[in-house]
Amino acid sequence: MSGGGKQLDDDIIVGKVVHLHPFHYLHILNMTTNVTRLEEGPKRVICLAHERVILGPEPMIVVPPMSYCVIENPVMREGDTDGDDDSRNNNNGGDHDDDDANRLSKKVLLGKGGQARLKHGDMEIRRKGEPFSLYPGERLVGKVQRVQVVRPDTALRLRATRDFILTPNTLNYNHFYFSDRSKTTSSSSINNNNNNNDNNNASKDRVDAISSSSSSSPSGASRRIATGEEWTFRGPGVYHPLVTVEVVEVIKGIIVGPYEALYLRALCDCVDVTDTPRKTGEEWLMRREGFYLPEVHEKLVTKVEGLELDLNRAIHLRAKRTFTDIYGRQRKAGAEWLVDSSMAQIHIPEVEEEFIRTVHPLNLSSGEYVVIVNAWADNEGEAAEGPTMGATKIVEGPISLFLKPHEKILNGERETVYILPAEEALYVRSLEEHLDTTVPERPVRRRAGDKWTVCGPLRYIPSTKVQVLRKARATLAIE
């Protein structure tokens with residue numbers, strides 16, 4: 001019972017007339033039968049010797065438009081049955097303003113002795129209509145509240161607190177979206193509240209009306225909702241609460257700009273906005289530009305911003321697992337590679353890619369060279385898997401290049417090309433057997449340990465298989 005009223009004094013109750021004003025009510029307890037009855041004004045109520053006013057007079061509860069209130073232990077009315085959750089939910093979920101008025105106009109079911117029968121432990125939501133009284137045992141939970149207005153760029157995550165059947169007559173029916181990409185309405189009206197939303201419009205034609213084991217009506221289809229099932233209410237719209245549904249959170253829409261993406265994770269087996277099936281725990285990037293409202297089955301991990309690439313910047317990446325990247329190349333788990341400006345101006349790392357570091361170019365001028373250890377093959381192309389450990393490669397300037405993963409410069413130093421005039425020479429030794437092509441017209445087979453002289457005039461870059469012993473200069477001998 002509502003506890004806000006003031007009880008009448010005993011000398012007013014016994015044998016006295018209580019003047020009950022319009023839109024007021026009181027509860028009178030019969031001390032003989034222990035049955036409490038409701039009296040509503042305007043009227044004069046005469047309390048007999050065996051009767052006592054236990055509540056009131058109280059003003060009736062007024063629910064203005066766009067408002068609602070929650071009643072605990074509501075009375076049972078014609079059409080209600082014990083334990084019939086579905087019928088109670090449907091009666092409490094109509095989409096017409098006069099549904100509550102129609103329900104309140106039905107006859108209250110009475111029990112033994114004329115006591116109003118209650119749905120103990122249950123709740124009922126009442127919306128705008130005529131002022132009403134609380135029957136003995138009913139209780140107003142909190143205060144009369146305003147309904148929640150959902151903005152166009154937001155949604156409510158909802159969860160069923162009990163099993164019930166969602167029918168086309170249920171409030172909010174046309175705003176519900178489920179994890180199977182279904183919307184509880186015909187496809188012609190899907191996303192009519194988000195006409196400027198590219199992502200939602202893209203999925204509009206793919207969503208069909210819901211079919212279930214429940215009977216359907218000409219205006220839509222019914223759906224059986226299981227306890228714990230979640231779905232969303234998308235704005236713009238007015239959310240009318242249901243006793244069988246709780247609001248878990250407010251989902252805010254996100255603007256995806258150029259060269260940005262959303263890192264998403266599936267909370268359950270589902271189908272995303274691109275009609276791609278996703279498994280529980282699967283992660284992916286949503287790259288489509290514009291406004292995006294996460295689905296109920298998706299968790300936004302973070303927003304990913306693209307990394308700018310140019311002639312002075314590349315990025316070193318590592319594959320977390322085997323996959324095919326956005327450029328169509330297969331990357332094996334643990335593989336490392338570079339992405340530079342020749343592949344893209346801006347790169348958005350995939351969920352399978354781990355960013356290692358930013359790489360800056362090595363610039364060699366004319367007359368400089370380096371020996372690269374653990375070199376990648378020159379014709380790496382799409383089939384390149386990585387470096388050849390221990391392999392060496394000579395790179396001569398002028399050039400600007402990025403050292404690929406695991407590549408490094410021998411001794412960490414740049415070398416200077418030998419410019420030998422006619423009077424100078426180099427004494428060199430072969431470190432291993434190879435074909436000496438210093439003079440292309442006369443290649444010479446060198447064995448390990450061979451020594452010879454390289455004479456000028458010549459521009460000479462020692463092979464990685466040759467060691468320079470010393471530099472010598474010719475002297476003029478006079479006899």
Side-chain contact, heavy-atom cut-off 4.5 Å: [X] with [Y]?
| X | Y | answer |
| --- | --- | --- |
| L26 | V18 | yes |
| L403 | I409 | yes |
| L311 | S400 | no |
| T227 | F164 | no |
| I28 | E39 | yes |
| R37 | N30 | no |
| L307 | F355 | yes |

Side chains of [X] and [Y]: do they bring a donor and an acceptor to under 3.5 Å?
| X | Y | value |
| --- | --- | --- |
| E295 | Y177 | no |
| E298 | Y292 | yes |
| E246 | T161 | no |

The test is side chain to side chain contact (heavy atoms under 4.5 Å, CB included); show your working for L293 and I254 and say whether it passes. CA-CA 6 Å; L293 192 60; I254 306 165; over 6 Å; no

Answer yes or no: are there more than 12 heavy-atom neighbours, outside [X] itself, under 6.0 Å from its atom [atom1]?
| X | atom1 | answer |
| --- | --- | --- |
| K408 | NZ | no |
| F323 | CZ | yes |
| Q345 | CD | no |
| K303 | NZ | yes |

Please confirm whether the backbone N or O of [Y] pairs with a side-chain atom of [X], one donor and one acceptor, at under 3.5 Å?
| X | Y | value |
| --- | --- | --- |
| N374 | G390 | yes |
| E407 | W376 | yes |
| T280 | D269 | yes |

Would you call E336 and K404 a salt bridge, taking side-chain N to carboxylate O under 4.0 Å as the test?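 Not counted as a salt bridge, because no side-chain N and carboxylate O are separated by less than 4.0 Å.
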
Pair E124 + R126, salt bridge at N-O below 4.0 Å: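 Yes, charged N to carboxylate O under 4.0 Å.
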
If you compare all heavy atoms of H347 against all heavy atoms of L317, which two are closest, and at what distance to 0.1 Å?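 Answer, listing the atom of H347 first, then L317: NE2-CD1, 3.6 Å.
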
On the 0 to 90° scale, with breaks at 30° and 60°, tag the F233-F176 ring pair as parallel, tilted or perpendicular.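 Plane angle over 60°, so perpendicular.
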
Parallel, tilted or perpendicular for H21 and H24, by the 30°/60° rule?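 Perpendicular, since the angle between the ring planes exceeds 60°.
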
What residue among R318, R329, E353 forms side chain to side chain contact (heavy atoms under 4.5 Å, CB included) with W337?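 Among the candidates, only E353 passes.
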
